[in-house]
Amino acid sequence: MERHKLQGIQAALAPFFSQEDFVRRKPGTRLRAGRAPLRRRGGEAPPPEGGSGGGRAAVRGREGPGAPRSRAGGCQAAAWRSAAAMPAFRQVGEKQLPQEVVFMAWSPKRDLIALANRAGEVLLHRLANFQRVWSLPPNENTGKEVTALAWRPDGKILAFGLTDTKRIILCDVEKPESLHSFSVDSSITYMHWMEVTEESSVLTSFYNAEDESNLLLPKLPALPKNYSTTAKIFSEEKSDEIMKLLGDVRLNALVLGGSSGFIEIYAYGMFKIATVTGVAGSCRGLCLSSDLKSLSVITEIQDSSDNEAEITYFQLDTSLLSSYLPEVTRMARKFTHISTLLQYIKLSLTCMCEAWEEILMQMDSRLTKFVQEKNTTTSVQDEFMQLLLWGKASLELQALLMNQLTVKGLKKLGQSIESSYSSIQKLIISHLQSGSEALLYHLSELKGMALWKQKYESLGLDASGIEEAITAVGSFILKANELLQVIDSSMKNFKAFFRWLYVAMLRMSEDHVLPELNKMTQKDITFVADFLTEHFNEAPELYNRKGKYFNVERVGQYLKDEDDDLVSPPNTEGNQWFNFLKNSTHLKESPLLFPYYPEKSLHFVKKQMEGVIDECLQKPADVIGKSVHQAFCMSLYKTSQSEDSAPQLFKLPFLWNDKASNIHYVLFTVLESSISKIYILRRHTDTSRSVSNGILAVEFGNFLNNSINESSDSRCYSCLDAHFYDDETVTVVLKESVEQEGKERILAQLPLSSVYTDEDQEGEFIWDSTKRLEEQSGEIPTRTVFLENQWRVLENMKAQYVAVNGIRKVSCVLSSNLRHVRVFEMDVEDDGEVEEEEEEEITQTAAGEPEELNQSADNQESVCGASAEELPDETEEHETNLEP
């Protein structure tokens, strides 16, 4: 009952207040988006002068803001306009950036926007106040020229392409470091990351059973954070960010486009499932449909005869992917596991290299210097043997031990070797071996899938190639085990050698030797003698290769990223298993035995393994890529290369896939009589089907009360930029076609329902394939739209481009100088608590002042004629109270 009374009060008061009375207020104050002054609960307050708020279509013949107005007429027009007004876009941030922005993309799941600038930086900003979260500066390793950005659909990974190094970087949203990177054959000009929405019982069962490997395989230990390589990537202790690369089990695909018709599709952003050929020109836009039936491509084909380029739209048939969706998903998921494990192994090996310290080379360098400086002909080995057997050392050896190595230095070297070798040993056992065994498991499962030829042969899965990959992983595991044996042997040798040498040096310095250190059995002496014999031989040929005569330290050679053979390979003489293999022809050729490379380092075998696996992954991409063929091609228009200096990533056309209706949309503009209409081309994702209203043109009529006069052409605005906000709405940036000083740009929402109406009776446009579309633009059905809902004048900003996200209901407008950004919340719903407080306040006001509600018509006239200086303050007070 009370509610009805309130509505009656509002209806009684509404006709007596003008639009200007309600909205004029001091600069810097604003209405909370979606909220009206207390006297107008039916809708949003009308926008301030200039239209910076939600608006309804302008009423023909309305007076301008400076013209005198009739009291009654003005009040009624304002009330009528307010009744249907929509919530205004709420500005939540604005910033002048130091560098020109070349691309911007909203996160699909969070209020974050990624930017790339001309300096090569990638930046992440929050919606609120446009606060910077992190920045990733350019560097020599990754690259300095960012040309494309794309978010993984779950919003946890940001991908960006670098044209100078031709690399793709996958970056964790939590920290600005690369989780994974790979090289491509072309400079990337565009990328698009989509998620498959198709559902089936087969896919559902796979999604549920995908974690089966977790039951059969032990969980991979988290990489230690105490190494600089992992500390840069991992944000917290015991973190396993590397596994974020796997993401959600539902199939998603990163589509890359580059120059010279380069197009590749990467499942889960890691495994290449298609290399597309047959498309001409440099890629300007990509959109793979969510049902995987077709791929929309916009290319720029350069005409060598003049300075113009032809913008062309292609629709490619990718029906093989959709027909074999369950199989593609299973195969891609396996390969993504494999790619993730390869990255895990790579990081583990990098940590091992960090654990190995240069100080461990100290013994080799000191002994080499000793050889170069000594005057005697006695070998180094004999010098140490003499000290071991007789307890006496030459003066030169004494100088080496006491002056250069020193007792303190020997202790430090011993501790470093023990600490370093123990760390490497742990990394091999817990990380390298675990990762390799998981890799073998997934490759073996993949081999089983490849043998099911009915399902997987048409996708290019090759069992023989996978078998070679399994063999390569086996060889890597053998080499890792060999390194473990070398570490174990070296730790024993060094421990015995340093203990003996420490006692000998204490005796030389005549220091007290502890009794427990002084005990040395014949077995210990024999052990040290064998170590000296094997490791202290001078090798002149080694000096020519490495600049040293000795290789006492044997672990570091396994971790060097070199193609050279090992300096000191393991001694296999007398090994019965090796002798047995040599003499058995059948065993040597058996596929059951992994090949062993005794002369090669662990790094070399790892690179060999990665090469074989990459080759194994390449065949499906070639086979699937060849199945993709052109289903439709339309030449849209010609553009001048010198048309402006804006980055190509901002320029229309813009592509969109309506997942619910399975329709591809293309938005583009063609300059026609100084008016930039916006054209909407749509195609069904199934290339065998067609849609009605395949192409329409949209022009914008007058909807601002301070716009150009009515007698001019109804086409008042040119479209500068357009992006799909969601499946039903397009966000546009408009400018008035008649450029005048002080004319502002407009941000507006264009509902597709106003373009594709049920009353469409016009005939379909028949395209002549021998001509460009712009040459037939006069025959294209045109809709003139008068925006009646959401729009906002962008004051004091020469807006040019916009990036939007309908899921998060946000937009970011960029000025023509590419440095000024303004951020808006597009669809802010009312706060229920504030609304209740507002109702109580109105109830109290109504109860406390009943006589004002029953005033006579004369009083009403006096209220309507109240001074403009009184009401704004009251309104302003209420608005301030509503500020969050």
Side-chain angles (χ1 to χ4, degrees), residues 356-421 486-487 489-557 560 567-568:
W356 185 85
E357 304 170 19
E358 286 296 327
I359 192 175
L360 307 185
M361 299 293 292
Q362 202 175 81
M363 183 64 77
D364 293 345
S365 59
R366 293 279 163 79
L367 291 175
T368 298
K369 189 176 181 183
F370 177 60
V371 169
Q372 292 170 335
E373 294 179 354
K374 72 184 179 70
N375 297 319
T376 60
T377 56
T378 315
S379 68
V380 174
Q381 187 185 90
D382 291 343
E383 293 267 6
F384 276 94
M385 279 292 190
Q386 189 178 357
L387 177 62
L388 175 65
L389 297 175
W390 311 111
K392 293 181 180 180
S394 65
L395 294 175
E396 290 180 325
L397 183 59
Q398 283 188 41
L400 168 71
L401 297 176
M402 303 307 295
N403 299 336
Q404 295 185 34
L405 191 58
T406 72
V407 174
K408 187 177 178 180
L410 183 70
K411 287 178 71 175
K412 185 180 177 182
L413 182 60
Q415 289 169 356
S416 295
I417 286 179
E418 185 174 4
S419 169
S420 180
Y421 284 7
V486 171
I487 290 173
S489 172
S490 295
M491 286 179 75
K492 290 177 183 176
N493 289 337
F494 274 120
K495 194 170 185 180
F497 173 69
F498 283 141
R499 180 177 174 177
W500 161 73
L501 193 59
Y502 179 65
V503 172
M505 291 172 70
L506 286 177
R507 284 175 179 161
M508 288 179 196
S509 60
E510 298 182 354
D511 286 348
H512 174 68
V513 180
L514 295 173
E516 59 268 20
L517 292 175
N518 209 11
K519 295 176 183 177
M520 196 166 185
T521 64
Q522 186 63 41
K523 185 178 179 182
D524 294 335
I525 293 173
T526 306
F527 194 79
V528 174
D530 289 342
F531 175 71
L532 290 172
T533 304
E534 186 177 349
H535 291 76
F536 280 67
N537 280 324
E538 293 178 32
E541 71 281 358
L542 179 60
Y543 185 80
N544 296 331
R545 280 177 60 193
K546 301 291 182 181
K548 60 181 184 177
Y549 288 104
F550 301 92
N551 194 44
V552 178
E553 200 283 317
R554 300 288 172 90
V555 174
Q557 60 182 348
K560 297 286 186 186
V567 172
S568 303

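Scope of the values below: all heavy atoms of this structure, side chains included, with no hydrogens, waters or symmetry mates.
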Query raised in the report: Are the side chains of F497 and L388 in touch, meaning some heavy atoms are under 4.5 Å apart?
Result: no
Requested in this report: Side-chain contact test, heavy atoms from C-beta onward, threshold under 4.5 Å: evaluate it for W500 versus I525 and give yes or no.
Outcome: no
Gap separating the [atom1] atom of [X] from the [atom2] atom of [Y], nearest 0.5 angstrom:
X	Y	atom1	atom2	result
S490	E553	OG	CD	7.0 Å
F536	D382	CZ	CG	12.5 Å
E383	L401	CD	CG	9.5 Å
L506	L501	CG	CG	10.0 Å
K392	Q386	NZ	CD	8.5 Å

Query - Shortest non-hydrogen contact from M505 toward T406 - result: CE-C, 3.3 Å
Requested in this report: Please report the closest heavy-atom contact between Q557 and V567, naming both atoms and the distance.
Outcome: OE1-N, 3.0 Å
Could you work out, with side-chain contact (heavy atoms from CB on, under 4.5 Å) as the rule, every residue matching [X], not counting sequence neighbours?
X	result
Q404	R366, K369, E373, L400
A393	L387, L397, Q398, M508
K411	Y502
S509	M402, D511

Query - side-chain hydrogen bond (donor to acceptor under 3.5 Å, both in side chains) involving S365 - partner list, sequence neighbours excluded - result: none
Query raised in the report: Q381: what forms a side-chain hydrogen bond (donor to acceptor under 3.5 Å, both in side chains) with it, not counting sequence neighbours?
Result: N537
**Report entry** Partner residues of W356 under the ring pair (Phe, Tyr, Trp, His ring centres under 6.0 Å) criterion, sequence neighbours left out
**Finding:** none
Query raised in the report: Of all residues at least two apart in sequence or in a different chain, which pass the ring pair (Phe, Tyr, Trp, His ring centres under 6.0 Å) check with F494?
Result: F498, F531
Report task. With sequence neighbours left out, write down each residue that passes salt bridge (charged side-chain N to carboxylate O under 4.0 Å, His left out) with K495, or none if nothing qualifies. Result -> none
Query raised in the report: side chain to side chain donor-acceptor pair (under 3.5 Å): which pairs involve residues 523-534, sequence neighbours left out?
Result: T521-D524
Query - CA sep, side-chain torsions, deciding dist, call: N493, F527, side-chain contact (heavy atoms from CB on, under 4.5 Å) - result: CA-CA 8 Å; N493 289 337; F527 194 79; 3.1 Å; yes
